[in-house]
2 protein chains.
Amino acid sequence: MEGSRQIDDRSAARQRADAIYEEIRNRICTNRYPPETALHEVELATEFSVSRTPMRRVLSMLEHDDLVTARHGVGTIVTAVEPERLVEVYTVRMILAQAAGDYFRLPFPPESIQRLLEVREVFLGLDEGDVIGFGDANLQYYLPVIDLIENGCLREMHRTLFYQTTRMWLLSLPTMPWAETMAAVADELEELVRVIKLEDPIGLGLVMRNHIFMSRRRVLAGLGIAPGDPRNPV
Amino acid sequence: MEGSRQIDDRSAARQRADAIYEEIRNRICTNRYPPETALHEVELATEFSVSRTPMRRVLSMLEHDDLVTARHGVGTIVTAVEPERLVEVYTVRMILAQAAGDYFRLPFPPESIQRLLEVREVFLGLDEGDVIGFGDANLQYYLPVIDLIENGCLREMHRTLFYQTTRMWLLSLPTMPWAETMAAVADELEELVRVIKLEDPIGLGLVMRNHIFMSRRRVLAGLGIAPGDPRNPV
DNA sequence: ACTGGCATAGATGTGCACAACATAGTGGCT
DNA sequence: AGCCACTATGTTGTGCACATCTATGCCAGT
C-alpha cells in the first residue's frame, strides 16, 4: 500500500503541487485560459481544494516559466508572447529539432505510429473554430513525439519551448482557413509517420524542424506580420 | 523620483525576490553552497531581511530550476547532478554553442576583449585550491560571452544550462592539477579573444563548443568516469 | 453633462502560528 | 553491551489574518 504513494521520491506536497501546475499549464497551452486571462488565487485554490499558500507556489512556478505574470492588486495574468520573442523561441525550437536527429531513442516504439494516426483523425474530426479541441489534440501530437528524444535535457528544453509558444499559435488559429489548416496538420502527421516507419532519426529531426518552420511562418502571419518582414524571416 | 523604482515593470516584491534568487543562485554556482549543503529558510530570511514567505518563494524557484530540493522536515538541499544527467546537459550545451554561431550580435563590443583578458589574469592569479575564487571568475568569464548572443531565448537557455552544470565542474576541480588547469583555462580565454578580434561569429560558436566538450571530458574524468565510458563519450 | 476626487471592493504580498515530518540523542529493557 | 522505543529539536508545509495596492464606480461640484 505505502508503495503506491512512495514510488517516486517527491514529497506528497510536491506531487500535489506538480499535478496542479501541470493542469493549469495545460489549460493555458490549450487556450482554456488564453493570454490576458486573469487567474485568481482563491478561486483556483477552492477548485483544487488547497489553500492560497500552495496555490501561490504553483502560480509562482508558472510565473518563473513566463506563462503568467502576477500583478499586485490586479490578478495573475496569462501572458502573451511578443512577436519578436516568438520568432526567437521558434528559431531555437528549429535548432533543437534538427539537432535532436542524433539523439532519438531507437527503435521507435511501434505504438507511436498508431497514436499519431489516431490524433490525425481527431484533427480532421474537429468542429470548425474549436480552438480548445485543437489545443488538446496539439498536446497529444507534440508531446509523444518529443518523448522519442532520448537525451533528457534536450527533451525538457523542447517541451519547455513548446509550452511557451503554443498558446500564441492557437491564438492565431482563427485568422486562418480552418479546413486548409487541418489538412496541413494531417499531412504533417502523415509525414511524421512515414519517417518513423523508415526508422530514420535524422529525417525525423529534419521533418520536425520543417514543421516548426511552417508553424513559425503561419503564426506570425496570423499575428499580422508578413513573411519577409525581419520579424518573420525566411 | 518615482522613476528610479519604476524603470522596469516588475513589482517591488518581484524585484526583491529576483535579487535574492540571483544571489543564492550565484552562491550555489560558485560552490559557496556546494551540493548537499542544507539551506535554512529562517536563516536566509533573516540574512536578507525578509520573512519566510518571500524566501520560500525564492527557494521554490530554485527548486523549479533543479538547483535545490526541499525535503520536508530536513531542509532545502543543494542538489548534485548525476553523471548521466551531466553528460546530457553538456551535450545540449555543445549543440547550442555551435548553433549560436549564426545568432551573435555583431560587431562584437570591443570592451569584451578587455574584460576577457582581465578575467584571464584573475584565473592565473588564483591561489591553489581557491575553488570559490575560481567559481567567481568562471561566472565573469562565461556570462559576458553568453551575452554576445543576440537571440534572447538562445541566450537564456545557455545561461540556464550553464547554471545547471557549473557547480559540478567546480566540484571536480580539486581532483585536477591546479596550475595545468589554470593554464588551460587561460588558453581558452586567449582563443576566445582571437576569434572575437577576427569578428568571426561561426568560429566563436565552434570555439565555445570545443571548450564545452573539453569541460565535459574533464568534469566526468574528475568524477571518476574515464573517457570512452558510455557516460563520457568521445 | 462632464469632470475630478474619493470610497470601496477585490486582488496579490507578508508575517505569523501551528501542523506534519525527519533525525539524532537518550534512556530503559533485554 | 546492544538494541529498541521514545522524546526533543529543528525543519518544511499549510492556513489564516492583515497589509498593500489597483481599478472601478459613485458622488459632488462646476
Side-chain angles (χ1 to χ4, degrees), chain A residues 1-21 23-24 27-28 33 35-79, chain B residues 1-21 24 28 33 35-79:
Chain A
M1 271 300 131
E2 66 210 7
S4 64
R5 68 167 189 224
Q6 286 293 354
I7 40 177
D8 69 27
D9 53 349
R10 297 176 302 175
S11 68
R14 177 74 191 269
Q15 275 182 271
R16 262 197 307 273
D18 285 351
I20 298 173
Y21 166 81
E23 172 62 25
I24 298 180
R27 291 183 188 178
I28 293 173
Y33 297 150
E36 311 304 334
T37 305
L39 309 182
H40 302 298
E41 297 178 351
V42 232
E43 195 176 312
L44 289 171
T46 307
E47 176 186 344
F48 291 102
S49 306
V50 292
S51 80
R52 272 187 66 210
T53 308
M55 183 54 64
R56 280 178 60 74
R57 184 195 173 105
V58 167
L59 292 175
S60 153
M61 283 161 61
L62 291 166
E63 183 171 20
H64 195 51
D65 293 337
D66 274 329
L67 293 178
V68 303
T69 175
R71 282 165 51 185
H72 193 180
V74 180
T76 303
I77 314 290
V78 177
T79 56
Chain B
M1 272 301 133
E2 64 212 9
S4 63
R5 69 166 188 225
Q6 287 293 356
I7 40 176
D8 68 27
D9 53 349
R10 296 176 304 173
S11 68
R14 177 74 190 270
Q15 275 180 271
R16 262 197 307 272
D18 285 352
I20 299 174
Y21 167 81
I24 298 181
I28 293 173
Y33 296 148
E36 312 304 334
T37 305
L39 309 181
H40 303 297
E41 298 178 351
V42 220
E43 197 177 310
L44 289 171
T46 307
E47 176 186 345
F48 291 102
S49 305
V50 293
S51 79
R52 272 187 66 211
T53 308
M55 183 53 64
R56 280 178 59 74
R57 184 194 172 107
V58 167
L59 292 176
S60 152
M61 284 161 62
L62 292 167
E63 184 171 20
H64 194 52
D65 294 337
D66 275 329
L67 293 177
V68 303
T69 175
R71 282 164 50 185
H72 191 179
V74 179
T76 302
I77 315 290
V78 178
T79 56

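All values reported here derive from a predicted model rather than from experimental measurement. Throughout, protein chains are lettered first and strands after them, A, B, ... in sequence-line order, and every chain is numbered starting at 1.
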Legend entry - Side-chain heavy-atom pair B/Leu59, B/Glu41 within 4.5 angstrom cut-off: yes
Legend entry - Heavy-atom pair with the smallest gap, counting every atom of A/Val58 and A/Tyr21: CG1-CA, 3.6 Å
Inset, instruction - Please name all residues satisfying side chain to side chain contact (heavy atoms under 4.5 Å, CB included) with A/Arg57, sequence neighbours left out, ordered by chain then number. - result: A/Arg14, A/Ala17, B/Arg56, B/Ser60, B/Glu63
Legend entry - Closest heavy-atom pair and its distance - B/Val68, B/Thr79: C-CG2, 3.7 Å
Inset, instruction - At under 4.0 Å between heavy atoms, which parts of nucleotides 5-14 of chain C does protein reach? Answer with one letter per nucleotide, 5' to 3': B base, S sugar-phosphate only, - none. - result: -----BBBBB
Legend entry - Residues in side-chain hydrogen bond (donor to acceptor under 3.5 Å, both in side chains) contact with B/Glu43, at least two apart in sequence or another chain: none
Legend entry - Spacing between A/Arg14 atom CZ and C/dC21 atom P, to the nearest angstrom: 18 Å
